[in-house]
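One structure is given here, and the rest of the page talks about it.
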Amino acid sequence: MLKVIVIVGPTAVGKTSLSVKLAKRFNGEIINGDSIQVYKGLNIGSAKVTEDEKQGVVHHLIDYKQLTDRYDVATFQKDAREKIKEISEKGKTAIVVGGTGLYIKALLYDYEFVGNPINIDENKYNEFTNEQLHQKLKELDKQSAKAIHPNNRKRIIRALVMAESGIKKSEQEARQSGTMIYRAKIIGLTMDRARLKERINQRVDKMIEEGLVEETNQLFSNYSLKSQGFTGIGYKELIPYYLKQKDLESCVENIKTHTRQFAKRQYTWFNNQMPVRWYDIEDKDFLDRIYSDVEEFLNG
RNA sequence: GGUCCGAUAGCUCAGUUGGUAGAGCAGUGGACUGAAAAUCCACGUGUCGCUGGUUCAAUUCCGGCUCGGACCA
């Protein structure tokens, strides 16, 4: 099994900075594990590493998709696994860093996505209520229907489409063992929640100062507002401002709120879905502890 | 100075024909297998501004006060 170092944690906690430090110290290359930073052009709002911050460290799976491209877990899983292989073969350390829980989990575990991504035409289901769709799924894939809440329309439809195409979601999942296919050292970065909030607010204000509005105005005038990349926090909230439907202040307030809520969901995921070893960045010796733990991991 | 309106959850507000109250948002916890920065679920006790009075009982009715806001001077 290949070894991989993984850095996770809520947004704004400092994953990027740690990743570069580790890469430099342990001869590593970084693989982005973040669903929004893969997009070209989403720089300020996605808090993407700058050239300066990279300090010469090689970064993968960043800036490699057009805004209008679709992107999904399966693509990430495939591409990231390739990168881990390549980096390992060079004798270097693969460091995955990102906040997208599902992506990281699908990468590390034996999640299996068969076939090609299905184009889902949601309009096809417009005339049905949640209850009706759920009922329909119950007939085609009872297991999945049980696992998905009736109000979670998006997931019900996904499972429905899969069942109709001949691959039951529940069966696809049953084939998996639920074990990791890498030897992973999962580092979780954390800090006091109240102070993280404060930090998030400051970071959003800084993004505005650094020209997030200019960045988005540019992008919005060049790409469809429905582009997948614009579902990212920091972008979708500024669309109403771009369309002159809302004032800037309230849009910025929304960015802050959504970022906080996102951070909370990230905690829920990383606390409950993966074996994360947490390090509090406010402990004076957290870096040293990480260094020695990583060293032990790489030598062990 | 006078008149009127408002004061209820962190915020915006609803409500109680008198029997101590509930929505949205925020917040907290949780779920998560092809859009995941997405999607979804659960959780609502707060001196009902303060103070007197009427009443078996007042957040609700009456008086005074305080603080907002509007209007008149």
Side-chain angles (χ1 to χ4, degrees), chain A residues 8-12 15 32-39 42 45-48 65 67-79 98-122 130 133-134 141 143-144 146-163 165 167-178 193-194 196-197 200-201 203-204 207 226-238 250 253-274:
Chain A
V8 301
T11 185
K15 297 188 290 293
N32 165 245
D34 190 295
S35 65
I36 295 295
Q37 295 188 0
V38 299
Y39 288 109
L42 303 186
S46 76
K48 197 182 284 167
K65 291 289 169 188
L67 264 169
T68 47
D69 287 345
R70 288 185 42 163
Y71 193 72
D72 61 47
V73 216
T75 310
F76 169 78
Q77 185 195 49
K78 179 170 161 289
D79 292 352
T100 306
L102 176 66
Y103 283 20
I104 309 282
K105 191 171 186 185
L107 166 65
L108 300 180
Y109 289 78
D110 67 335
Y111 275 24
E112 197 187 330
F113 304 102
V114 299
N116 294 313
I118 308 159
N119 242 320
I120 296 179
D121 179 15
E122 292 215 20
N130 290 351
L133 292 176
H134 191 246
D141 182 352
Q143 287 264 5
S144 295
K146 232 167 104 186
I148 305 171
H149 189 101
N151 287 351
N152 206 337
R153 178 169 255 261
K154 201 159 157 178
R155 287 207 190 136
I156 295 282
I157 291 178
R158 155 119 253 133
L160 253 181
V161 172
M162 285 182 76
S165 79
I167 309 164
K168 281 191 199 171
K169 188 168 176 293
S170 56
E171 282 176 7
Q172 177 176 290
E173 285 171 28
R175 280 202 298 274
Q176 303 160 191
S177 67
R193 188 84 149 246
L196 180 67
K197 271 185 201 170
I200 285 170
N201 291 343
R203 186 163 85 162
V204 173
M207 285 176 178
K226 292 204 171 80
S227 301
Q228 190 175 322
F230 293 151
T231 58
I233 297 169
Y235 297 94
K236 62 172 177 228
E237 293 85 358
L238 286 174
S250 68
E253 217 27 68
N254 285 341
I255 296 177
K256 290 177 182 173
T257 301
H258 293 163
T259 307
R260 264 184 271 132
Q261 295 172 332
F262 175 46
K264 180 175 167 305
R265 265 179 280 131
Q266 288 176 304
Y267 270 120
T268 302
W269 181 283
F270 293 122
N271 272 324
N272 300 291
Q273 297 284 328
M274 297 192 295

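In what follows, chains carry the letters A, B, and so on, assigned in the order in which the sequence lines appear, proteins first and then strands, with residues in each chain numbered from 1.
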- Within residues 98-107 of chain A, those residues having any heavy atom closer than 4.0 Å to RNA chain B are A:G99, A:T100, A:L102, A:Y103

- Quick one: salt bridge (charged side-chain N to carboxylate O under 4.0 Å, His left out) pairs with a partner in residues 256-265 of chain A, sequence neighbours left out?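 Listed by first then second residue: A:D205-A:K256.
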
- Message: Taking side-chain contact (heavy atoms from CB on, under 4.5 Å) as the definition, give me every residue that meets it alongside A:T100, ordered by chain and number, with sequence neighbours left out.
- Response: A:D34, A:S35, A:Y103

- Item | side-chain contact (heavy atoms from CB on, under 4.5 Å) involving A:A106 - partner list, sequence neighbours excluded | A:V73, A:Q77, A:Y111, A:F113

- Query: Does any donor-acceptor pair link the side chain of A:R153 with the base of B:C40 at a separation under 3.5 Å?
  - Reply: no

Among [options], the one nearest [X] by side-chain distance:
{"X": "A:D34", "options": "B:A37, B:C41, B:U33", "answer": "B:A37"}
{"X": "A:F113", "options": "B:A36, B:A31, B:U33", "answer": "B:U33"}
{"X": "A:Q228", "options": "B:A35, B:C32, B:C41", "answer": "B:A35"}

Rounding to an integer number of angstrom, what distance separates [N] and [M] when you compare their [atom1] atoms?
{"N": "B:U17", "M": "B:U54", "atom1": "P", "answer": "23 Å"}
{"N": "B:C40", "M": "B:A35", "atom1": "P", "answer": "15 Å"}
{"N": "B:A57", "M": "B:G22", "atom1": "P", "answer": "24 Å"}

- Summary of protein contacts for nucleotides 23-29 of chain B, nucleotide by nucleotide, where a base hit scores B, a sugar-phosphate-only hit scores S (4.0 Å, heavy atoms): ---SSBB

- Task: Using only side-chain N and O atoms of A:R155, determine if any of them is under 4.0 Å from OP1 or OP2 of B:C40.
- Result: no

- Task: Answer yes or no: does a side-chain N or O of A:R158 lie under 4.0 Å from OP1 or OP2 of B:A35?
- Result: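 Affirmative; the distance criterion is met.
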
Side chain to side chain donor-acceptor pair (under 3.5 Å) partners of [X], counting only residues at least two apart:
{"X": "A:N151", "value": "none"}
{"X": "A:S227", "value": "none"}
{"X": "A:S144", "value": "A:D141"}
{"X": "A:Y109", "value": "none"}

What does [X] touch in the nucleic acid at a heavy-atom separation under 4.0 angstrom: a base, only the sugar-phosphate, or nothing?
{"X": "A:Q37", "answer": "base"}
{"X": "A:Q176", "answer": "base"}
{"X": "A:T11", "answer": "nothing"}
{"X": "A:Y109", "answer": "nothing"}

- Task: Look at A:K169 together with A:E173 and state whether they make a salt bridge at an N to O cut-off of under 4.0 Å.
- Result: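 Salt bridge between A:K169 and A:E173, a charged N being under 4.0 Å from a carboxylate O: yes.
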
- Message: If I take atom CG from residue A:L133 and atom CZ from residue A:R153, how far apart are they, to the nearest 0.5 angstrom?
- Response: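 CZ of A:R153 is found 5.0 Å from CG of A:L133.
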
- Query: What residues, two or more places apart in sequence or in another chain, satisfy salt bridge (Lys or Arg N to Asp or Glu O under 4.0 Å) together with A:K15?
  - Reply: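 Partners of A:K15 under the salt bridge (Lys or Arg N to Asp or Glu O under 4.0 Å) test: none.
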
- A correct dot-bracket answer for RNA chain B, with pairs being Watson-Crick or G-U at under 3.5 Å, [ ] for crossing pairs and | for inter-strand pairs, is (((((((..((((.....[..)))).(((((.......))))).....(((((..]....)))))))))))).

- Please identify each residue that fulfils ring-ring contact (aromatic ring centres under 6.0 Å, His included) with A:Y235, with sequence neighbours left out. none

